[in-house]
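In what follows, a structure is listed as structure tokens, so that the remarks can point back to it.
The chains referred to below are lettered A, B, ... by the order of the sequence lines, with proteins before strands, and numbering in each begins at 1.
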2 protein chains.
Amino acid sequence: MKDTKTFAVLATDVAVLTIDNGVLKVLLTQATSKNFKGMLTLPGGLVGHKERTEEAAIRVLKEIMIKTDYYNEQLYTFDDPGRDPEGRVVTVAYLMLVPEDEAKRVTRKDASWHAVKTLPKLAYDHNEVVKAAVKRLMGKLTYTNIVYSLMPLEFTLSDLQKTYETALELTLDKRNFIKKIKSLNLVHKTTHKVEGSAHRPATLYRFRERKYKRVDLF
Amino acid sequence: MKDTKTFAVLATDVAVLTIDNGVLKVLLTQATSKNFKGMLTLPGGLVGHKERTEEAAIRVLKEIMIKTDYYNEQLYTFDDPGRDPEGRVVTVAYLMLVPEDEAKRVTRKDASWHAVKTLPKLAYDHNEVVKAAVKRLMGKLTYTNIVYSLMPLEFTLSDLQKTYETALELTLDKRNFIKKIKSLNLVHKTTHKVEGSAHRPATLYRFRERKYKRVDLF
DNA sequence: TCAAAAGTGTTCAGTGTACACCCATGG
DNA sequence: CCATGGGTGTACACTGAACACTTTTGA
């Protein structure tokens with residue numbers, strides 16, 4: 001066996017996550033393969049001969065979303081020989097994070113957001129992929145600053161807190177949270193405030209830099 | 001392009017790391033491909049048609065090492081279309097950790113350990129793979145208990161400390177280190193001591209469990 | 001008795017946690 | 001004036017960090 005060149009079909013799938021109104025969601029489309037007709041699936045497709053898997057992932061997403069320059073990282077490679085009944089398909093999965101306000105900008109009709117907590121059985125091993133994506137997200141939220149990739153340009157500190165609470169499934173004390181965020185120097189005030197709410201207007205903040213780095217949260 | 005099935009050659013490479021006498025090392029073999037003749041390379045090979053990449057990785061390692069049931073995790077998939085001059089080869093890289101006392105048990109003559117700090121130019125993109133492996137190791141040492149996979153069954157607390165110091169490139173205070181390790185309840189004393197040293201004999205310890213879990217170190 | 005590494009506690013600073021009330025606005 | 005979420009400070013416990021000397025052994 002060791003001298004046999006093996007030709008595998010190379011694919012990519014992307015778990016695009018966002019937080020929508022206090023719910024962690026993943027972007028799903030309708031499966032087209034005859035084996036999974038009628039089921040939901042992660043956006044994905046085959047990789048071109050000269051193409052990197054990440055490029056292929058972006059190419060596929062461009063058919064679904066207007067913008068694709070969001071946080072994206074390689075997640076895991078799924079290689080079970082039986083994962084696709086049609087043959088040996090190895091998929092390099094990616095994790096993409098989209099801010100809540102951008103998540104509306106999904107252009108294809110068969111694509112929509114689904115709460116990760118209540119997913120039906122997905123095509124292929126995509127339930128497993130989503131699980132890995134959520135786990136990765138939860139890990140990275142606690143020891144890096146990637147939360148910026150889930151937030152709009154300007155946001156309130158309550159928004160930020162809710163994002164952590166939703167994604168990490170915990171509740172935080174408002175005063176301690178703010179103290180922490182301020183001590184890490186991740187954000188700065190803007191001169192803007194949220195208008196039109198039936199209560200004291202919240203100050204809008206921005207991240208000092210939207211660039212991945214390690215920081216020590218919870 | 002999106003409707004073209006792409007056949008890629010699927011390979012696997014393993015960065016096997018160990019700590020040898022205060023030096024972090026990686027297991028390398030002689031490259032055989034004509035493009036990289038004479039260079040060193042990570043152990044690796046092509047993946048069989050019905051084979052998982054991890055199985056293939058273990059199969060390849062069995063030709064080099066007596067035992068292979070060490071800590072092993074998928075590291076990253078390297079897919080640059082130009083990474084192998086002979087054609088499109090996508091490699092799923094693994095990270096394996098071997099305890100110092102087991103590292104002697106390398107059976108093939110062309111395989112040997114090399115300090116990761118002073119590697120020559122390796123075949124393919126294997127310098128990059130090693131770099132990713134070391135980075136992963138350093139991360140996991142700080143927030144999990146995988147250090148067990150680098151230690152022999154019994155070890156002194158100084159050994160353990162030196163392992164962290166070597167792999168993480170830092171120095172630790174002995175008293176604080178022991179306090180930390182004890183508070184995490186990771187190890188327990190044995191009745192054995194190290195004999196024959198020209199100083200007070202050190203107590204040997206064991207891990208309570210050699211099972212991956214998150215813990216909060218440094 | 002000397003050299004070498006093992007083994008052991010305390011103090012202090014800083015961080016994490018618990019906790020409650022007033023503020024600004026729209027309706 | 002009421003309802004709603006925004007915004008703020010303090011006290012205490014705990015953790016992390018700095019730091020030095022005695023013990024046990026072999027040579």
Requested in this report: Please find the earliest and latest nucleotides of DNA chain C, in the 5' to 3' direction, that have an atom within less than 4.0 Å of any heavy atom of chain A.
Outcome: C:dG16 to C:dG26

Requested in this report: Send over the distance from A:Arg200 CZ to D:dG6 P, rounded to a whole Å.
Outcome: 10 Å

**Report entry** Residue mapping more 5' on DNA chain D - nearest nucleotide basis, A:Asp173 or A:His199
**Finding:** A:His199

Query raised in the report: When all nucleic acid strands are considered with a 4.0 Å heavy-atom cut-off, which category describes A:Thr156: base, sugar-phosphate, or nothing?
Result: nothing

**Report entry** Stepwise side-chain contact (heavy atoms from CB on, under 4.5 Å) check, B:Ile181 with B:Leu217
**Finding:** CA-CA 9 Å; B:Ile181 294 300; B:Leu217 284 290; 4.3 Å; yes

Query - A:Phe177 CZ to D:dG6 C1', straight-line distance once rounded to whole Å - result: 14 Å

**Report entry** Rounded distance in Å - NZ (B:Lys193) to P (D:dT23)
**Finding:** 15 Å

Query raised in the report: Hey, does B:Leu141 have a side-chain heavy atom less than 4.5 Å from the side chain of B:Ile146?
Result: yes

Report summary line: B:Lys174 atom NZ is separated from D:dA18 atom P, nearest whole Å, by 17 Å

Requested in this report: Check every strand shown and say whether B:Lys179 touches a base, only sugar-phosphate, or nothing at a heavy-atom separation below 4.0 Å.
Outcome: base

Report summary line: Whole-Å distance, B:Arg175 CZ to D:dA17 C1', equals 10 Å

Report task. Between A:Ala198 and A:Ser183, just flag the one whose closest nucleotide in DNA chain C comes earlier from the 5' side. Result -> A:Ser183

Query raised in the report: For the rings on A:Tyr124 and A:Phe78, is their centre-to-centre separation under 6.0 Å?
Result: no

Query raised in the report: For the side chain to side chain donor-acceptor pair (under 3.5 Å) test, which of B:Asp79, B:Asp80, B:Asp13 pairs with B:Thr91?
Result: B:Asp13

Query raised in the report: Do the charged groups of A:Glu169 and A:Lys117 touch, with an N to O distance under 4.0 Å?
Result: yes

Requested in this report: Indicate the ring-plane relationship of A:Tyr212 and A:Tyr71, choosing parallel, tilted or perpendicular according to the 30° and 60° boundaries.
Outcome: parallel

Requested in this report: Provide, to the nearest angstrom, the distance between the CZ atom belonging to A:Phe155 and the P atom belonging to D:dG6.
Outcome: 14 Å

Query - Between C1' of D:dA18 and NZ of B:Lys180, the distance in whole Å - result: 16 Å

Report task. Please report, rounded to the nearest Å, how far the C1' atom of D:dG16 is from the CG atom of B:Leu172. Result -> 12 Å

Query raised in the report: Do A:Thr68 and A:Lys62 get their side chains close enough for a donor-acceptor pair, meaning under 3.5 Å?
Result: yes

Report task. Please work out if A:Lys182 contacts a base, only the sugar-phosphate, or nothing of the nucleic acid, heavy-atom cut-off 4.0 Å. Result -> sugar-phosphate

